[in-house]
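A short worksheet on the structure shown next.
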Amino acid sequence: MNTIEKYKKYVNTSMLAKVEPVVISKAKGAVVTDVDGKNYIDCFAGIAVVNAGHCNEKVIEAAKAQMDNLIHCCSYVYYAQPTADLAEKLAEIAPGRLQKSFFGNGGAEAIEGALRLAKTFTGKTEFIALQASFHGRSYATLSITGNNARKKRGGPYMAGCTFLPAPYCYRCFFELEYPKCHLRCARALEDIIHFNTYDSVAAFIAEPLLGEGGIITPPDDYFLEIEKILKKHGVLLIIDEVQTGFGRTGRMFGIEHYGVEPDIMTTAKGIADGFPLSAFTAREEIADSFKPGEHLSTFGGNPVSCAAALANIAYLKEGKLVEEAARKGEWLKAQLEELKKKQSRIGEVRGKGLMIGIELVNDRAARTPAIDEAKKARQFCLDQGLLIGLGGVFNNVLRIQPPLVISQQQLEEVVKILDLALGRV
Ligand SMILES: Cc1ncc(COP(=O)(O)O)c(C=O)c1O
């Protein structure tokens, strides 16, 4: 049996419409190679994970060195140096006063922990999240995910979760236009607290840019307005940087674009360039509100993953990859805006850094989502040797999220293939 046949028989993929028909055998930088030797430019990076590039030598070197010494001890039963060093590093690079980290293995686990911490610190029990958000596949994280496509047949969900319309200007819930709207969607938070809760809101949680929601990019002053309301009502701000963290948006963390300080921040994906690891990081007094027995993870803070994360962060910094992501992203967005002039399927190009969404529509005036066309465009790109993502609440947004090390030449090739693809659909 080959790999695809074994997947069919032994891997549970029934929750997927399909697995992309590529069997990847190796990857380097921004290129992945399949078992037949065909190369693809990777503009999805394993869902925005390998920011420092596939199989980064510095990351591998650090992980291998750690493996020779210690793979696992449970970093919460005994002390492990890479775990301590990484926590110190996160405190140094995280926004504001975020200082103490708890490590888990994946994004959902980090968010579960962050929610729990918000409850223990505030003594309150409710959460407000954004419509069109995505926070994971576990019970609590699905409960605060604002998209029923992800929640069908899994309910009822956790009590005490309510939703605020997303800052999705292209499809404004209030049918208003920025900036004339005076951030109606952010101001609605006050109404939500007033009318939709029992006045026990522990935290408001949001992604700086809504990745799975279709790279929805809030206006520059959005989080300042949100912060004002949260402060007034004594509600914590949890920022979910699982997808936006570690340089993806042209800043180390996406929230840095918005000038607000989170109370708790969650990270995963890009933290260790492909090694499984996640964290929630909080101000000291918030972090210390956990009492003995209230939280743990067997594999969390694994020494090998932490060593890889330290090398990853050093690589991002030394190679100025965060600044590079900003510069490359600006270039790519300008090229895509040019494409928009001739490709009528493009409704909007948006995003920051190398987290770019191209929302496809059938009719620019009516903004009808071009769902089949987006699927076909992705397939065409794959045939031409380009891997891209697909997302959005209607599944009509092409997602361009390459490793930050992607070269100028590769980016030029990406634009060429996207142009061809959009001309076909
Ligand atoms: C913003 C955000 N939060 C949480 C998650 C869940 O992360 P994981 O799949 O590692 O549990 C994702 C995954 O796509 C995400 O994009």
Side-chain angles (χ1 to χ4, degrees), residues 13 15-16 44-51 102-116 118 127 129-147 149-151 154 157-158 161 163 166-168 203-218 223 237-249 251 253-255 257-258 262 264-281 297 299-302 305 308-309 312 351-357 388-393 395 397 399-401:
T13 55
M15 73 297 287
L16 301 165
F44 206 26
I47 323 192
V49 169
V50 289
N51 293 2
F102 181 92
F103 296 107
N105 303 281
E109 188 186 350
I111 292 151
E112 287 271 345
L115 298 177
R116 177 93 188 263
F127 296 102
L130 287 175
Q131 291 176 1
S133 64
F134 179 77
H135 296 290
R137 303 285 189 166
S138 61
Y139 178 65
T141 57
L142 270 181
S143 301
I144 52 158
T145 286
N147 182 357
R150 304 283 165 264
K151 299 167 81 162
Y157 287 96
M158 194 166 80
C161 299
F163 294 88
Y168 191 178
F204 169 77
I205 181 163
E207 304 154 77
L209 278 74
L210 287 72
E212 302 300 303
I215 324 276
I216 295 170
T217 308
F223 282 102
L237 173 63
I238 303 176
I239 287 294
D240 180 354
E241 293 272 3
V242 166
Q243 191 158 150
T244 45
F246 300 97
R248 170 65 43 204
T249 69
R251 295 285 180 92
F253 296 103
I255 197 62
H257 291 284
Y258 293 97
I264 307 175
M265 178 175 88
T266 57
T267 48
K269 292 192 188 281
I271 190 170
D273 204 36
F275 284 85
L277 183 69
S278 67
F280 58 94
T281 308
S297 167
F299 290 117
N302 171 268
S305 292
N312 175 50
K352 291 183 188 291
L354 287 173
M355 182 163 179
I356 296 175
I388 60 171
L390 193 57
V393 283
N395 233 18
V397 179
R399 293 165 61 186
I400 314 296
Q401 300 176 267

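For ligands, and for the atoms within them, numbers begin at 1 and follow the listed sequence.
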Legend entry - Side-chain donor or acceptor of Thr266 paired with backbone N/O of Ile111 under 3.5 Å: no
Legend entry - Shortest protein heavy-atom distance from atom 5 (C) of ligand 1, along with the residue and atom involved: Val242 CG1, 3.7 Å
Inset, instruction - Return yes if some donor-acceptor pair links the side-chain N/O of Ser278 with the main-chain N/O of Pro276 below 3.5 Å, else return no. - result: no
Inset, instruction - Kindly compute the distance separating OG1 (Thr249) from CD (Gln243), expressed to the nearest 0.5 Å. - result: 11.0 Å
Inset, instruction - Evaluate the side-chain proximity of Phe253 to Thr267: yes if any heavy-atom separation is below 4.5 Å, no if none is. - result: yes
Inset, instruction - Of the side chain and backbone of Glu109, name the one, both, or neither that has a heavy atom under 4.0 Å from an atom of ligand 1. - result: neither
Inset, instruction - Report, in ascending order of atom number, the atoms of ligand 1 lying under 4.0 Å from any heavy atom of Ile111. - result: 3 (N), 4 (C)
Inset, instruction - Could you tell me whether a side-chain N or O of Asp240 sits under 3.5 Å from a main-chain N or O of Ala206, the two making a donor and an acceptor? - result: no
Legend entry - Atom indices of ligand 1, in the order listed, that fall short of 4.0 Å to a heavy atom of Gly106: 10 (O)
Legend entry - Per-atom contacts of ligand 1 with Glu207, taking only distances under 4.0 Å to non-hydrogen atoms: 1 (C)
Inset, instruction - Answer with side chain, backbone, both or neither: which part of Lys269 has a heavy atom less than 4.0 angstrom from an atom of ligand 1? - result: side chain
Inset, instruction - Identify, for atom 16 (O) of ligand 1, the protein heavy atom at the shortest distance, and state residue, atom and that distance. - result: Gln243 NE2, 2.7 Å
Inset, instruction - Please could you name the atoms of ligand 1 that Gly107 approaches to less than 4.0 Å, counting only its heavy atoms? - result: 7 (O), 8 (P), 10 (O), 11 (O)
Legend entry - Donor on one side chain, acceptor on other, Ser297 and Glu109, under 3.5 Å: yes
Inset, instruction - For atom 3 (N) of ligand 1, grab the closest protein heavy atom and report residue, atom and distance to one decimal in Å. - result: Asp240 OD2, 2.7 Å
Legend entry - Ligand-side contact atoms (ligand 1) for residue partner Gly136, heavy atom cut-off under 4.0 Å: 6 (C)
Inset, instruction - Mind telling me whether Phe223 and Tyr258 have parallel, tilted or perpendicular rings, with 30° and 60° as the class edges? - result: perpendicular
Inset, instruction - Look up atom 9 (O) of ligand 1 and tell me if a protein heavy atom lies less than 4.0 Å from it? - result: no
Legend entry - Region of Ala108 that comes within reach of ligand 1 [heavy atoms, distance under 4.0 Å]: both
Inset, instruction - Report yes or no: do Glu112 and Ser138 form a side-chain donor-acceptor pair below 3.5 Å? - result: yes
